[in-house]
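Written out below as structure tokens is the structure these notes cover.
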Amino acid sequence: MKKKNTPPKSGTETAIDKKLQLPEQETAKTIKLEEFTADGTDELMTTNHGVRINDDQHSLKAGERGSTLLEDFILREKITHFDHERIPERIVHARGSGAHGVFKLYKSQSAFTKAAFLNDTETETPVFVRFSTVAGSRGSTDLARDVRGFAVKFYTQEGNFDLVGNNMPVFFIQDAIKFPDLVHAVKPEPDNEMPQAASAHDTFWDFISLMPESTHMVMWLMSDRAIPRSYRMMEGFGVHTFRFINAEGVSSFVKFHWKPVLGVHSVAWDEAQHISGKDPDFHRRDLWDAIEAGAFAEWELGIQVVAEEDEFKFDFDLLDPTKLIPEELVPVEIIGKMTLNRNPDNFFAETEQVAFHVGHVVPGIDFTNDPLMQGRLFSYTDTQLIRLGGPNFHEIPINRPVVPVHNHQRDGHMRQTINRGKVSYNPNSLGGNDPAQVKAADGGFAVYPERIDARKVRARSKSFLDHFSQAKLFFNSQSEPEKNHMIDAFTFELGKVKTVAIRERMLGILSLVDEGLAAEVAYGLGLHVPEPEQPLNKSFGADEDPSTYESVLREGSLSASTALSMAGTVKDSIRSRKIAILAADGVNGSSLKHVKSALEAEGAIVEVIAPRLGGIIAEDNSMLAVDQSFLTAASVLFDAVYVPGGTNSVATIEAEANAVHFLNEAFKHCKAIAADGEAMQVLEATYFSRKLPADFKEETVLREGIVVTEDSKKLAKLFIKAIAQHRFWNRENPRKVPA
Ligand code: HDE
């Protein structure tokens with residue numbers, strides 16, 4: 001049974017509130033957005049004040065060749081509105097993409113929380129999700145090496161709950177007061193505004209090398225997690241420890257996880273840099289296209305719950321946002337699923353104007369004293385005031401809760417609600433003391449009465465000072481290819497740093513994580529690994545004694561945690577993967593069609609790429625549609641590539657430099673490659689032909705990711721298995737392959 005909305009109190013009901021009275025069976029959000037949507041069909045053109053427009057092509061002039069008249073209110077209104085179309089971009093997370101969907105609970109969590117949307121398995125909670133990069137501007141590339149934002153707004157029947165997380169479970173800093181410094185360091189340098197959407201520059205690594213607390217996070221940032229294949233293939237994390245409170249008032253600690261149904265996958269760094277040129281909207285397009293094609297993006301919601309009395313049983317502090325709870329210590333329990341199934345109608349109205357806030361919680365969910373979280377509780381409303389222009393941003397359709405809003409807040413820029421009557425204060429007798437406060441037992445938000453008995457200090461708890469054991473845990477948990485990618489990433493980033501002293505200081509820090517890692521990076525930089533600079537904690541107050549803050553170098557209780565590596569998340573599926581077929585006139589149409597439909601039957605998106613657009617004529621004279629030419633397509637935009645047979649087609653492809661480059665790049669980026677036996681000569685034109693396996697049995701294909709056979713049924717079967725493995729990283733050994 002779906003829950004009914006709480007009936008609005010009399011007297012303060014608004015026109016918009018009336019529209020929001022919802023029929024019981026329909027999802028509230030859909031109805032609400034329709035109220036505000038102009039769909040552009042069968043509509044007459046008007047000014048913003050409703051006057052019908054007769055001529056939208058010419059401004060009003062004094063004669064055909066004369067000057068424009070100031071009286072032209074239609075021109076002035078149109079240009080003025082246009083001049084004000086932009087709002088300030090988000091100071092961080094400016095570049096993002098959003099989608100609508102629903103959250104469905106598997107099993108009631110009433111033992112831990114009274115939050116209704118986590119109690120009732122019948123309720124479908126509408127959600128809006130925005131994914132983002134952190135450092136780049138609004139128009140920057142999707143494929144920057146960066147953290148990804150993963151912000152979810154749940155429109156629950158008790159008000160909005162925002163889970164404003166990232167795709168990495170920890171953060172750079174332990175205290176909110178350092179956030180402006182971190183962001184200033186990573187943003188383009190202020191004198192010349194370079195580099196855009198990149199951490200590979202002096203100011204970022206200067207700051208990081210002086211802030212050892214960021215070491216764990218930079219291990220994640222230098223891992224492949226920072227260059228996802230798709231938003232749909234990223235994990236999400238609430239990062240901070242939150243509190244759950246159940247109906248009896250019992251509280252427990254909780255960490256939130258989103259686990260993607262498609263597994264966690266990334267691209268190669270070289271590939272990421274190429275994608276940034278070929279299609280800087282790669283992630284945005286991927287999410288949009290998948291939803292349009294009905295391949296809805298799905299994540300399961302997981303929780304790690306820690307009983308209040310177990311707060312101190314770990315060798316790290318639950319309030320420290322640079323630490324995660326290893327899944328070996330507290331398993332993640334999967335409690336529900338989120339499905340993103342609808343693209344926004346309008347990017348600006350929805351994705352740009354959505355306002356998330358860590359402070360948007362519902363009864364049953366509360367904060368902890370994590371000092372980073374505490375600072376965020378201030379920041380998110382503050383930033384909306386400048387970005388969205390005033391205190392009424394909650395009235396923008398995408399930000400409205402699906403339940404009525406009643407209080408005595410009034411007026412301000414762009415107020416939409418028309419509050420009736422004289423009463424805008426509490427208590428009152430003139431309005432029957434409406435709206436009334438709500439008892440906690442009836443769903444009023446009551447804060448968890450945590451006991452606090454302390455002195456006011458500016459200090460950090462000593463329990464926050466172990467900056468390295470989880471950085472080590474992360475590095476030790478990676479597969480060999482993942483470790484190699486991290487070595488390359490550190491070498492790349494520090495290689496872009498101009499100041500040698502910063503490179504050296506960072507090598508000192510890395511040596512505290514893993515001496516092999518530090519040595520390999522030092523080799524690439526042509527440096528020796530120095531002794532780490534002491535004291536390690538540079539972030540002291542002026543009157544603090546650093547010796548009281550000796551950094552704790554301890555071994556954590558775990559040496560590795562499988563959940564930290566992406567290697568184990570491969571799913572046996574090629575759903576929504578993009579596959580290129582390279583073909584030309586004279587192609588063997590029947591094998592092309594067979595392989596194409598076998599791939600599509602598994603949910604893949606297949607495109608035929610040919611020397612020119614239009615169509616190609618197959619060997620049997622049938623006409624095949626072409627999706628892209630070699631000029632517009634690029635290997636980095638696909639997950640795998642297939643070359644069918646047909647003598648003329650094979651000869652054309654072999655002679656086409658772009659096609660051979662396509663294959664070389666696909667090989668370099670460790671992707672599955674398939675060729676009809678007849679197309680072997682195309683593979684022989686590649687630089688990797690000498691690396692082809694001698695035979696193409698199933699084991700060989702699953703090791704090397706290359707399948708060649710004349711039997712198109714067998715080819716399709718093996719190719720599908722190979723694509724499902726995502727990448728064949730073993731090809732990187734030895735690592736430096738040209739393309
Ligand atoms: Fe944010 N963060 N943040 N952040 N954050 C913003 O709010 C801030 C932090 C995160 O798609 C801003 O509306 C402070 C951690 C996401 O709209 C701003 C601190 C995590 C998004 C802000 C943090 C995040 C933001 C900028 C340290 C992961 C994008 C625009 C105390 C758990 C949401 C805006 C969207 C956005 C402040 C740290 C995630 C300025 C002060 C940790 C996903 O308010």
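For this chain, numbers begin at 1 and follow the sequence in order.
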For atom CG of L377, is the number of surrounding heavy atoms from other residues, nucleotides or ligands below 6.0 Å larger than 12? yes

Parallel, tilted or perpendicular: which fits the ring planes of F244 and F256, with parallel below 30° and perpendicular above 60°? perpendicular

Quick one: does Q174's side chain have a donor or acceptor within less than 3.5 Å of a partner on T322's backbone? no

Looking only at heavy atoms, which two atoms of V170 and M217 are closest? And how far apart? O-SD, 3.1 Å

Does the side chain of M234 reach to within under 4.5 Å of the side chain of F131, using non-hydrogen atoms? yes

Check whether E158 reaches the backbone of A116 with its side chain - one donor and one acceptor, N or O, closer than 3.5 Å. yes

Any carboxylate oxygen within less than 4.0 angstrom of a Lys/Arg side-chain nitrogen, looking at R76 and E71? no

In sequence, state the C-alpha distance, the side-chain angles, and the governing distance for M211 and H467, and then conclude on side chain to side chain contact (heavy atoms under 4.5 Å, CB included). CA-CA 10 Å; M211 294 286 290; H467 303 320; over 6 Å; no

Can you tell me how far the NE2 atom of H81 sits from the CG atom of N48, to the nearest 0.5 Å? 5.5 Å

E193 vs K187, salt bridge (charged side-chain N to carboxylate O under 4.0 Å, His left out): CA-CA, chis, key distance, verdict: CA-CA 8 Å; E193 184 79 356; K187 283 274 182 182; over 6 Å; no

Salt-bridge present (D175, R460; N to O < 4.0 Å): no

Could you pull out the closest heavy-atom pair between P260 and R232, with the gap in Å? CB-O, 3.5 Å

So does V134 get a backbone contact from the side chain of D146, meaning a donor-acceptor N/O pair under 3.5 Å? yes

Considering the options V129, L118, T339, which one meets the side-chain contact (heavy atoms from CB on, under 4.5 Å) requirement together with F103? L118

Are the side chains of F207 and S214 in contact, using a 4.5 Å heavy-atom criterion? no

Could you state the interatomic distance from OG1 (T499) to CG (D206), rounded to the nearest 0.5 Å? 7.5 Å

Has F445 got more than 12 heavy atoms of other residues, nucleotides or ligands less than 6.0 Å from its CZ? yes

Within the distance-only criterion (no hydrogens, no angle test), does the side chain of R410 pair as donor or acceptor with the backbone N or O of N407 below 3.5 angstrom? yes

Check whether any side-chain heavy atom of Q273 lies under 4.5 Å from a side-chain heavy atom of R145, and answer yes or no. no

F82 atom CZ: more than 12 heavy-atom contacts under 6.0 Å: no

Taking E189 for its side chain and D202 for its backbone only, find out whether a donor-acceptor pair lies under 3.5 Å. yes

Check: N343/E292 side-chain N/O donor and acceptor closer than 3.5 Å: yes

So, D162 side chain and H360 main chain: donor-acceptor pair closer than 3.5 Å or not? no

Is a side-chain donor or acceptor of E89 paired with a backbone partner of A94 at a separation under 3.5 angstrom? no

Using the six-membered ring wherever Trp is involved, compare the ring planes of F161 and F117 and label them parallel, tilted or perpendicular (cut-offs 30° and 60°). tilted

Does CD in Q196 sit with more than 12 non-hydrogen atoms of other residues, nucleotides or ligands closer than 6.0 Å? yes

Measuring from atom NZ of K255 to atom CD1 of I303, what distance do you get when rounded to the nearest 0.5 angstrom? 14.0 Å

Can you classify the ring geometry of F128 versus F356 as parallel (below 30°), tilted (30 to 60°) or perpendicular (above 60°)? parallel

Taking atom CD1 of I208 and atom CD of E213, what is their separation to the nearest 0.5 Å? 9.0 Å

Counting distance only, does the side-chain N/O of D366 pair as donor-acceptor with the main-chain N or O of Y448 below 3.5 Å? yes

T351 to G98 - nearest heavy-atom pair and separation: CG2-N, 3.4 Å

With a 4.5 Å limit on heavy-atom distance, are the side chains of P228 and M233 in contact? no

Is D72 paired with K61 through a side-chain N to carboxylate O contact shorter than 4.0 Å? no

Backbone N/O of L318 and side chain of T241: donor-acceptor pair under 3.5 Å: yes

At their closest point, which heavy atom of D411 faces which heavy atom of N392, and how far apart are they? O-ND2, 2.9 Å

Can you tell me which residue among V127, N399, V164 is in a side-chain contact (heavy atoms from CB on, under 4.5 Å) with K153? N399

In the structure I gave you, are the side-chain heavy atoms of F237 and L324 within less than 4.5 Å of one another anywhere? no

If I take atom CD1 from residue I291 and atom CG from residue L287, how far apart are they, to the nearest 0.5 angstrom? 4.0 Å

Please check if atom NZ in K496 has more than 12 non-hydrogen atoms from other residues, nucleotides or ligands closer than 6.0 Å. no

Answer yes or no: does atom CD1 of I177 have more than 12 heavy-atom neighbours from other residues, nucleotides or ligands under 6.0 Å? no

As a test of understanding, state which of F172, F171, F474 forms a ring-ring contact (aromatic ring centres under 6.0 Å, His included) with W220. F474

Looking at every heavy atom in both A185 and H201, which two are closest together, and how far apart are they? O-CE1, 3.3 Å

Do the rings of Y380 and H357 sit parallel, tilted or perpendicular, given the 30° and 60° boundaries? parallel

V447 side chain near F367 side chain, heavy-atom distance below 4.5 Å: no

Under the side-chain contact (heavy atoms from CB on, under 4.5 Å) test against F242, which residue among V254, D370, T368 passes? V254

Please check if any side-chain donor atom of T417 sits under 3.5 Å from a side-chain acceptor atom of E395, or the reverse. yes

Taking C-beta and beyond as the side chain, do D142 and Y231 meet within less than 4.5 Å on heavy atoms? yes

Enter the distance from K323:NZ to D317:CG here, rounded to the nearest 0.5 Å. 8.5 Å

Could you check E77 against T80 for side chain to side chain contact (heavy atoms under 4.5 Å, CB included), going step by step and ending with a plain yes or no? CA-CA 5 Å; E77 180 192 86; T80 305; 5.9 Å; no

R95 and R284: side chain to side chain contact (heavy atoms under 4.5 Å, CB included), yes or no, with the steps? CA-CA 10 Å; R95 169 79 186 171; R284 178 175 290 180; 3.4 Å; yes

Crowded around K78 NZ? As in, over 12 foreign heavy atoms under 6.0 Å? no

Q384 side chain vs A355 backbone, donor-acceptor pair below 3.5 Å: no

Can you classify the ring geometry of W258 versus F150 as parallel (below 30°), tilted (30 to 60°) or perpendicular (above 60°)? parallel

Given the rule in the side chain to side chain contact (heavy atoms under 4.5 Å, CB included) test, do R52 and M45 qualify, once you have shown the distances and angles that lead to the verdict? CA-CA 6 Å; R52 290 182 184 172; M45 184 181 279; over 6 Å; no

For the residue pair D224 and S266, what are the closest heavy atoms and their distance? O-OG, 2.5 Å

Compare all side-chain heavy atoms of H283 with those of L143 and state whether any distance is below 4.5 angstrom. yes

Going by atom types only, do H93 and R130 share a side-chain donor-acceptor pair under 3.5 Å? no

